[in-house]
Amino acid sequence: MDIGGPTNVRHVAHVTFDRFNGFLGLPSEFEPDVPRKAPSASATVFGVSTESMQLSYDSRGNCVPVILLLLQSRLYDQGGLQVEGIFRITGDNSEEEYVREQLNKGLIPDGIDVHCLAGLIKAWFRELPRGVLDPLPSEQVMQCESEEDFVKVVRLLPQNEASLLNWAINLMADVIQFEHANKMNSRNLALVFAPNMSQMADPLTALMYAVQVMKLLKILTEKTARERKTSSSAVERRGNNEVEVSDKEEDSEEEEEDGVHINNEEEAPERIRVAADEHKSGSMKSEFQGSSASDSKDNDGAVQPPIRTNPI
């Protein structure tokens with residue numbers, strides 16, 4: 001049976017969806033058929049999977065929870081990247097609890113201490129139902145030794161976890177750009193982030209695995225920072241080349257306006273010499289003809305041929 005297009009369509013009401021309160025503006029006659037809250041909507045932003053959270057894209061195309069983007073933006077705006085010990089120094093517990101309550105309401109208060117913001121970012125990863133790196137086979141992670149090995153193994157991550165890891169790596173790369181001010185290098189950051197990226201039940205295995213995770217984070221952070229520097233240098237070189245080409249074009253236009261166009265350095269002296277000889281020859285010829293014509297005129301103004309005299 002073929003299904004036709006909709007008929008007798010009319011606008012009843014404008015309905016919006018809120019993550020915390022479900023559908024807003026829903027007519028009462030539809031309420032029994034539509035739940036007030038979406039089953040996947042969570043009333044908290046900590047300790048829940050990304051599937052139940054509002055997601056958005058960062059500047060690098062990673063699809064991550066909005067809460068991470070809000071915390072990151074506020075951290076950057078308040079100069080947190082240049083604060084000494086960022087992500088290493090813990091914030092005030094009472095302030096963190098208050099901010100958690102506000103974040104669960106969809107709000108982010110002003111005047112939050114940067115160490116509290118950094119601590120909440122780590123707490124968000126730590127309280128995930130499943131660690132970001134847990135989908136990876138632990139045996140393969142433990143066998144990784146080189147940068148190539150770690151890059152290859154992280155490609156096995158599902159899309160959601162891969163986006164979260166990439167976001168965290170770029171965050172750490174941003175931090176180490178200000179290492180001179182915050183005293184946090186790639187090793188220090190990997191040390192404080194590693195326990196928040198995986199969850200293992202066996203304490204002995206967890207300790208050994210955390211060391212390998214720390215190495216993974218350190219290597220990937222340094223790789224990202226190195227690639228950024230290379231990309232920035234390439235852009236700078238390209239800009240300098242464009243400026244040089246522009247300067248050469250301007251010099252060429254100025255030479256053409258002056259009436260002298262030199263193809264290469266070897267032709268330059270020869271062309272200048274020829275032009276000078278021609279100019280000198282023309283001047284001498286003009287002077288000779290002028291003096292001869294003046295001297296050879298008779299009284300009636302006729303021009304006589306020049307008189308040649310022989311020396312005595």
Side-chain angles (χ1 to χ4, degrees), residues 57-62 64-65 67-93 95-96 99 103 108-126 132-133 144-151 154 162-198 210-243:
Y57 289 93
D58 67 357
S59 58
R60 296 179 176 83
N62 297 310
V64 297
I67 180 61
L68 289 179
L69 301 180
L70 291 175
L71 291 172
Q72 180 186 33
S73 177
R74 185 64 62 86
L75 178 68
Y76 288 15
D77 291 344
Q78 295 183 198
L81 296 182
Q82 302 185 45
V83 175
E84 184 174 348
I86 194 67
F87 286 105
R88 177 176 58 81
I89 299 175
T90 58
D92 182 76
N93 290 334
E95 182 181 23
E96 182 175 322
V99 176
L103 291 174
I108 179 167
D110 297 326
I112 310 174
D113 181 66
V114 292
H115 294 298
C116 179
L117 292 169
L120 288 170
I121 291 175
K122 292 189 298 180
W124 188 90
F125 281 96
R126 182 172 61 253
V132 171
L133 297 179
C144 292
E145 296 181 358
S146 65
E147 177 181 300
E148 183 180 357
D149 294 337
F150 285 112
V151 171
V154 295
S163 294
L164 289 173
L165 177 63
N166 190 269
W167 182 88
I169 292 296
N170 278 281
L171 172 66
M172 291 188 280
D174 290 342
V175 174
I176 65 173
Q177 285 184 338
F178 299 91
E179 179 185 345
H180 62 282
N182 57 43
K183 306 295 189 285
M184 294 295 291
N185 56 27
S186 58
R187 182 184 181 281
N188 295 337
L189 282 171
L191 181 63
V192 297
F193 264 91
N196 306 300
M197 306 301 284
S198 64
V211 173
Q212 192 71 350
V213 169
M214 183 181 72
K215 186 177 180 181
L216 179 150
L217 296 177
K218 177 180 179 293
I219 288 178
L220 294 183
T221 300
E222 292 174 350
K223 176 178 180 294
T224 300
R226 186 173 63 251
E227 290 174 348
R228 288 184 184 181
K229 187 175 181 180
T230 302
S231 177
S232 177
S233 299
V235 172
E236 184 177 354
R237 287 196 300 270
R238 185 163 60 248
N240 292 336
N241 291 338
E242 292 176 356
V243 171

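Since the model is a prediction, treat every value here as computed from it, not as a measurement.
- A donor-acceptor distance shorter than 3.5 angstrom exists from the side chain of Thr224 to the backbone of Leu220, with no hydrogens or angles considered.
- Note: Phe193 and Phe87 have tilted aromatic rings, judged against thresholds of 30 and 60 degrees for the angle between ring planes.
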Problem - Check against side-chain contact (heavy atoms from CB on, under 4.5 Å), Cys116 and Val99 - result: CA-CA 9 Å; Cys116 179; Val99 176; 4.2 Å; yes
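- Remark: Gln177 CD to Met184 CE distance equals 15.0 Å, nearest 0.5 Å.
- The shortest side-chain heavy-atom distance between Asn185 and Asn188 falls under the 4.5 Å cut-off.
- The closest side-chain heavy-atom distance from Gln212 to Phe150 is below 4.5 Å.
- For residues 212-226, the set of pairs meeting the salt bridge (charged side-chain N to carboxylate O under 4.0 Å, His left out) definition, not counting sequence neighbours, comprises Glu147-Arg226, Lys218-Glu222, Lys223-Glu227.
- Inter-residue side-chain proximity for Asn182 and Gln82 is flagged as unmet; no heavy-atom pair is nearer than 4.5 Å.
- At a threshold of 4.5 Å between non-hydrogen side-chain atoms, the residues Ile67 and Leu120 do not count as touching.
- The closest side-chain heavy-atom distance from Tyr76 to Leu171 is below 4.5 Å.
- Of all heavy-atom pairs spanning Val64 and Ser163, the tightest one is CG1-O, 3.9 Å.
- For Lys229, the NZ atom sits in a loose shell: 12 or fewer heavy atoms of surrounding residues, nucleotides or ligands are nearer than 6.0 Å.
- More than 12 non-hydrogen atoms from other residues, nucleotides or ligands lie less than 6.0 angstrom from CZ of Arg228.
- Atom CD1 of Ile89 is separated from atom NE2 of His115 by 4.0 Å, given to the nearest 0.5 angstrom.
- When all heavy atoms of Ser186 and Thr221 are compared, the pair lying nearest together is CB-CG2, 4.4 Å.
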Practice task
Decide yes or no on side-chain contact (heavy atoms from CB on, under 4.5 Å) for Arg74 and Asp110, but give the supporting numbers first.
Solution key: CA-CA 9 Å; Arg74 185 64 62 86; Asp110 297 326; 3.5 Å; yes
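- Across all their heavy atoms, Leu103 and Leu71 have their closest contact at CD1-CD2, 4.2 Å.
- Between Leu68 and Trp124, the closest side-chain pair of non-hydrogen atoms falls below 4.5 Å.
- For the residue pair Cys144 and Asp149, the shortest heavy atom distance occurs at SG-O, 3.6 Å.
- Separation of atoms CD (Glu96) and CD1 (Ile112) is listed at 10.5 Å; rounding is to 0.5 Å.
- In this structure, Gln72 CD and Leu117 CG are separated by 11.5 Å, a value rounded to the nearest 0.5 Å.
- Two residues are said to be in side-chain contact when any heavy atoms from C-beta on lie closer than 4.5 Å; Val83 and Phe178 fail this criterion.
- Residues Lys122 and Val192 share a closest heavy-atom pair of CD-O, 4.0 Å.
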Exercise for the section: Would you check, one step at a time, whether the test side-chain contact (heavy atoms from CB on, under 4.5 Å) holds for Ile86 with Leu75? Expected result: CA-CA 10 Å; Ile86 194 67; Leu75 178 68; 4.0 Å; yes
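- No side-chain donor-acceptor contact under 3.5 Å links Asn170 and Asp174.
- Contact annotation: the side chain of Leu165 approaches that of Leu217 to within less than 4.5 Å [non-hydrogen atoms, C-beta and beyond].
- Distance check, rounded to the nearest 0.5 Å: CG of Leu189 to CZ of Arg88 gives 10.5 Å.
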Exercise for the section: Could you go through the side-chain contact (heavy atoms from CB on, under 4.5 Å) check for Val132 and Phe125 one step at a time? Expected result: CA-CA 7 Å; Val132 171; Phe125 281 96; 3.6 Å; yes
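- Minimum interatomic distance between Asn196 and Arg126 (heavy atoms only, all atoms of both residues): OD1-NH1, 3.0 Å.
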